[in-house]
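Take a look at the structure set out below.
All values below were derived from every heavy atom in this structure, side-chain atoms included, with hydrogens, water molecules and symmetry-related copies excluded. Sequence lines set the chain letters: A, B, ... in the order given, protein chains first and strands last, and positions in each chain run from 1.
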Amino acid sequence: MEQKNDPSFADIWEELNYRGLVHVSTDAAELKTLLAGPPITFYCGFDPTAPSLHLGNLVQILVMRRLQLAGHKPLGLVGGSTGLIGDPRPTAERTLNTRETVAEWVGYLSAQVARFLSFEGDNAARMVNNLDWTAPLSAIDFLRDVGKYFRVGTMLKKDAVSARLNSDAGISYTEFSYQILQGMDFLELYRTYGCVLQTGGSDQWGNLTSGTDLIHRAEHASVHAIGTPLITNSDGTKFGKSEGNAVWLDPALTSPYAFYQFWLNTDDADVVERLKIFTFLTRDDLERLERAVEAEPFRREAQRTLAFEVTSLVHGVAATEAAIAAAGALFGQGELAELDAETLGAAVAELPSAKATAATSVVQALLDTGLVSSLGEARRAIGQGGVYLNNEKVADDTATLEGSELAGGFAVLRRGKKTLAGVTFS
RNA sequence: GGCGAGUUACCCAAGUGGCCAAAGGGAUCUGACUGUAAAUCAGACUGCUUCGCAUUCGGGGGUUCGAAUCCCUCACUCGCCA
């Protein structure tokens, strides 16, 4: 649980590479020297495209934290201005969010990032918002002072831009300009704080180099960038999705229980890589778990460790233990009917739930708890034999909750093997 | 501004007057097998009061007994030309 870098590595650069966190970077030898030397200031930006950060962002946050633990000084940037523009996605133009929404999300994200960094000591972190230096800039100043450093040919070659130009979606001037804004951020932070390194996802590489190039031109200085790999599942699906939804860091959007379950269900083929990236376990621990996956996969020790470590990191140990206890009660071998009201209540509290009465139909309860999205789907699920009420298969789609009330006034609905919801009788 | 091409369900993509609630693939969900894993096989996948009905094929209007398919119009996208 303790957050520290593994002292068995010669320096943080070695450790980042071991953990598979460096996909692309500026000159590796220089970076290694830079990171092994006296403290530097670096930054990583987060755009407010949602009210919460998600697991993809957590990778970046942990890179920041590891660098901070190595003595370097982090600047956590929230994109108050870049969030108003939107970086080009490869598929299609983004819908612009209102200024009010973006401002609100900036607040949420800023607080989330701050939780993972230390604001004490010589290398205390600092949060910045790029709206602070972008908002006062006039269009004329922007074009004269910044635009002149950018060549359109270079801008067109960036993957994000060229993908869009080659697609049938095209790209607006607004999104095309995004890379300039991000480049300006790096320049601004270089000037104000002496920031010499930007980290980010490899999909941001074009934007990262936009900044290093700009500083090169405007300040004749060499600064650095590190791009982390895009994390993918070994089966080819997207990492960080649970039932089609993003896994958020905000407990109101993804409950600690669901968060824990997400990690617990990690594939054997992926679990070691995840441990390297998302935990502070040492190389020794990781190698031991890797052997455990091979020798005794059914024990799922690596998955349990991963789920515990990451959930504790994000939601705290108490919430994690509650999630584990809930899973134990709900997935345990014992009968649900034998659980006492307190245990059951705590377990149900971790699940999505809805109020109902004994007369409520099972299909309606499935819909109310969000286990299905329509009554038709609920009937279909029952017809497929995929619905359980208090661990007993529901055979008839006209069934009601009659007689299903357990201790404390709850019932447990399940869809499939592991999608659970609680019902509270009123 | 001119000319051409295009807009189909979560995504990709067939369909060019009735046999279309709309092929195929992917994603997703369920079942079997399992370790709350993967792979594999099977089924489901617009909604509803489900052997039937209602509403979908960019928006609106029209032709027709009948339209995703034909016509008009608006919006958006892409390309070429200016």
Side-chain angles (χ1 to χ4, degrees), chain A residues 88-96 161-176 232-247 257-275 289-290 292-308 311 323-334 336 347 350-351 361-364 366-367 369-389 391 393-398 412-421:
Chain A
R89 286 182 299 189
T91 48
E93 194 80 8
R94 287 178 189 274
T95 311
L96 291 178
V161 173
S162 74
R164 282 283 290 282
L165 286 172
N166 291 326
S167 79
D168 52 12
I171 185 167
S172 66
Y173 183 74
T174 306
E175 290 193 5
F176 176 62
T232 54
N233 292 328
S234 55
D235 61 9
T237 56
K238 241 183 184 173
F239 165 75
K241 297 275 177 177
S242 169
E243 291 163 49
N245 300 312
V247 176
Y257 170 84
F259 192 88
Y260 181 88
Q261 289 292 318
F262 170 82
W263 291 105
L264 190 65
N265 283 303
T266 302
D267 291 10
D268 292 1
D270 296 324
V271 70
V272 174
E273 176 198 310
R274 299 293 136 82
L275 282 162
L289 287 168
E290 187 165 12
V293 173
E294 223 165 289
E296 309 179 297
F298 51 90
R299 297 179 71 93
R300 297 187 305 136
E301 190 188 354
Q303 278 90 341
R304 285 179 210 284
T305 307
L306 176 66
F308 180 82
T311 311
I324 294 172
L330 297 166
F331 282 105
Q333 296 308 308
L336 281 174
E350 298 285 336
L351 305 173
S361 66
V362 173
V363 285
Q364 187 63 48
L366 285 166
L367 182 61
T369 52
L371 247 32
V372 299
S373 54
S374 74
L375 293 177
E377 191 181 339
R379 286 194 197 87
R380 216 178 291 135
I382 292 173
Q384 292 178 140
V387 175
Y388 297 79
L389 177 58
N391 280 347
K393 186 175 281 192
V394 177
D396 182 357
D397 64 16
T398 60
V412 177
L413 268 176
R414 189 172 103 223
R415 182 186 187 192
K417 268 180 290 198
K418 54 202 178 190
T419 315
L420 295 152

Quick test: give all pairs of protein nitrogen or oxygen and nucleotides 5-13 of chain B nitrogen or oxygen below 3.5 Å, distance rounded to 0.1 Å.
none

Checklist outcome for this item: Residues at least two apart in sequence or cross-chain that pass side chain to side chain contact (heavy atoms under 4.5 Å, CB included) with Ile382(A), listed by chain then number, are Val362(A), Val363(A), Leu366(A), Val387(A), Val394(A), Asp397(A)
Next on the checklist: Please enumerate all residues that pass side-chain hydrogen bond (donor to acceptor under 3.5 Å, both in side chains) together with Gln364(A), with sequence neighbours excluded.
Outcome noted: Asp368(A)
Show the distances under 3.5 angstrom between N or O atoms of the protein and N or O atoms of nucleotides 79-82 of chain B.
none

Checklist entry - Which nucleotides of nucleotides 35-46 of chain B have their base under 4.0 Å from a protein heavy atom (B), which only their sugar-phosphate (S), and which neither (-), written as one string 5' to 3'? => result BBBSS---BSS-
Checklist entry - Which residues pass the side-chain hydrogen bond (donor to acceptor under 3.5 Å, both in side chains) test with Arg380(A), sequence neighbours left out? => result none
Next on the checklist: Can you list everything that forms a side chain to side chain contact (heavy atoms under 4.5 Å, CB included) with Leu96(A)? Sequence neighbours excluded, please.
Outcome noted: none
Item to check | Pairing residues for Glu377(A) by the side-chain hydrogen bond (donor to acceptor under 3.5 Å, both in side chains) criterion, not counting sequence neighbours | outcome: Ser373(A), Arg415(A)
Item to check | Which residues share a side chain to side chain contact (heavy atoms under 4.5 Å, CB included) with Ala292(A), sequence neighbours left out | outcome: Glu301(A)
Item to check | Those residues that, when tested against Tyr388(A), pass side chain to side chain contact (heavy atoms under 4.5 Å, CB included) (two or more places apart) | outcome: Lys393(A), Arg414(A)
Next on the checklist: Can you list everything that forms a side-chain hydrogen bond (donor to acceptor under 3.5 Å, both in side chains) with Gln303(A)? Sequence neighbours excluded, please.
Outcome noted: Asp268(A)
Checklist entry - Any side-chain heavy atom of Phe331(A) within less than 4.5 Å of one from Leu420(A)? => result yes
Checklist outcome for this item: salt bridge (charged side-chain N to carboxylate O under 4.0 Å, His left out) filter on Arg299(A), not counting sequence neighbours, yields Glu296(A)
